[in-house]
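For the numbers below, each heavy atom of this structure counts, side chains included, while hydrogens, waters and symmetry mates do not.
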Amino acid sequence: MASKVKDKPDLVDSSRRSFLNKLWMVLGGLVLVEVAALILAFFQPKKTRVKEGDSGGIVEAGSVEKFSLNSVTAFVRGKFYLARLEDGGFLALSRKCTHLGCTVPWSSKDMKFICPCHASVYDIRGEVVSAPAPRPLDLHRVFIENNVVRVDTNKVVKRGVFRPEQVVYPK
């Protein structure tokens, strides 16, 4: 009889030990899953939320006469610049530098876009004048209807070089 009583505490002790071991393994597994999820979330690109009316869609820039020759007008809502060239043509240029994506301001004094981050310089047509930018500024589609300039900001056109057919002229 003494041996049976002695065996019971060992069974209770071993089942408690195995339960605690399993519990620690489950908790450790949950911690590993959470750490893996945090690491993956850290390396995911940030999702930008576009506020209604900020960008995207067709932006009505104004009548053709509103824009003087050889000028650049910033459109905050569409995040682009509308350039009217000396010959009367229009280009809608992205505000993002093609080097690292910094916002490139227009300097009316120098008649150039000068990137504040790494000093890339672009001319009024968005062509690279001074590196490190690898290519010209991206474009948005421009169309002119009833003498009103409109810009489609839904899609950005990446380009390698400036081509005359990229310029849109009033009819």
Side-chain angles (χ1 to χ4, degrees), residues 32-171:
L32 285 175
V33 168
E34 287 181 7
V35 168
L38 283 171
I39 290 171
L40 286 174
F42 179 76
F43 287 110
Q44 292 291 325
K46 181 180 175 187
K47 293 180 183 175
T48 56
R49 294 181 184 182
V50 177
K51 295 176 189 169
E52 191 173 323
D54 274 358
S55 65
I58 307 297
V59 175
E60 189 172 307
S63 67
V64 171
E65 296 82 27
K66 177 182 169 184
F67 305 100
S68 59
L69 296 178
N70 209 26
S71 68
V72 173
T73 306
F75 285 84
V76 176
R77 181 176 151 230
K79 299 182 180 177
F80 68 91
Y81 292 106
L82 186 63
R84 182 143 194 214
L85 307 178
E86 280 185 276
D87 61 0
F90 287 92
L91 284 172
L93 303 165
S94 172
R95 296 188 317 182
K96 288 187 177 182
C97 179
T98 56
H99 177 233
L100 290 178
C102 299
T103 299
V104 181
W106 170 253
S107 171
S108 55
K109 183 182 95 176
D110 299 323
M111 294 296 289
K112 293 179 179 154
F113 296 97
I114 302 170
C115 181
C117 298
H118 297 103
S120 293
V121 178
Y122 304 88
D123 66 7
I124 194 168
R125 297 179 301 176
E127 286 188 288
V128 177
V129 175
S130 176
R135 57 187 181 78
L137 292 172
D138 296 329
L139 295 176
H140 295 286
R141 186 174 159 256
V142 176
F143 53 100
I144 301 171
E145 295 174 338
N146 299 327
N147 217 28
V148 175
V149 180
R150 291 185 174 88
V151 179
D152 183 0
T153 60
N154 286 322
K155 187 176 178 187
V156 175
V157 178
K158 295 183 186 231
R159 59 185 180 151
V161 294
F162 170 77
R163 292 189 313 274
E165 59 267 13
Q166 294 168 339
V167 181
V168 177
Y169 294 94
K171 294 175 184 174

Show the numbers, then the answer: is there a side chain to side chain contact (heavy atoms under 4.5 Å, CB included) between Thr103 and Lys96?
CA-CA 5 Å; Thr103 299; Lys96 288 187 177 182; 5.7 Å; no
The test is side chain to side chain contact (heavy atoms under 4.5 Å, CB included); show your working for Val151 and Phe75 and say whether it passes.
CA-CA 10 Å; Val151 179; Phe75 285 84; over 6 Å; no
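The side-chain heavy atoms of Arg141 and Val168, taken from C-beta on, include no pair separated by under 4.5 Å. You'll find the side chain of Lys66 stays beyond 4.5 Å of the side chain of Val64, heavy atoms only. Within the 4.5 Å cutoff, no side-chain heavy atoms of Val128 are placed close to those of Val121. Contact of the Pro170 side chain with the Arg84 side chain is registered, since non-hydrogen atoms from C-beta on lie closer than 4.5 Å. Taking 4.5 Å as the limit, every side-chain heavy atom of Tyr169 sits out of range of all side-chain heavy atoms of Ile144. Phe143 has its side chain within reach of Asp152: a pair of non-hydrogen atoms, C-beta onward, lies under 4.5 Å apart. Counting heavy atoms from C-beta outward, Met111 and Asn70 have side chains that approach closer than 4.5 Å.
Interatomic distance, CD of Gln44 versus CD1 of Ile39, reported as 12.5 Å (0.5 Å rounding). Taken to the nearest 0.5 Å, the CZ atom of Phe80 stands 9.0 Å off from the OG1 atom of Thr73. With rounding to the nearest 0.5 Å, the separation of CZ in Arg95 from NZ in Lys79 is 6.5 Å. Taken from CG in Asp87 to CG in Leu69, the straight-line distance is 8.5 Å, to the nearest 0.5 Å. Put simply, OG on Ser107 and CD1 on Ile114 are 4.5 Å apart, with the number rounded to the nearest 0.5 Å.
Cys97-Cys117 SG separation is not under 2.5 Å; the pair is not scored as a disulfide.
Glu86 CD: 12 or fewer foreign heavy atoms inside a 6.0 Å radius.
The two residues His99 and Ala133 have their closest heavy-atom pair at CB-CA, 4.0 Å. Pairing each heavy atom of Glu127 with each of Arg159, the nearest pair is N-NH2, 4.4 Å. The shortest non-hydrogen separation linking Leu139 to Leu93 is CD2-CD2, 3.4 Å. Here the closest heavy-atom approach between residue Cys102 and residue Cys115 is recorded as CB-SG, 3.8 Å. When all heavy atoms of Ala83 and Val72 are compared, the pair lying nearest together is CB-CG2, 4.1 Å. Leu85 and Arg125 make their closest contact through CD2-CG, 3.7 Å (heavy atoms, listed as atom of the first residue, atom of the second, distance).
When only modelled atom types and interatomic distance are considered, Ser130 and Tyr122 share no side-chain donor-acceptor pair under 3.5 Å.
Lys112 has no carboxylate O lying under 4.0 Å from a charged side-chain N of Asp110, or vice versa, which leaves the two without a salt bridge.
Of the possible donor and acceptor atoms, one in the side chain of Asn154 sits under 3.5 Å from a partner among the backbone N and O of Gly57.
Of the residues listed (Leu91, Val161, Val157, Val142), the one engaging Gln166 in a side-chain contact (heavy atoms from CB on, under 4.5 Å) is Leu91, and it is the only one.
Taking the six-membered ring where the residue is Trp, the centroids of Tyr81 and Phe113 are separated by under 6.0 Å.
Between Phe90 and Phe67, the angle of the ring planes goes over 60°, which puts this pair in the perpendicular group of the 30/60° scheme.
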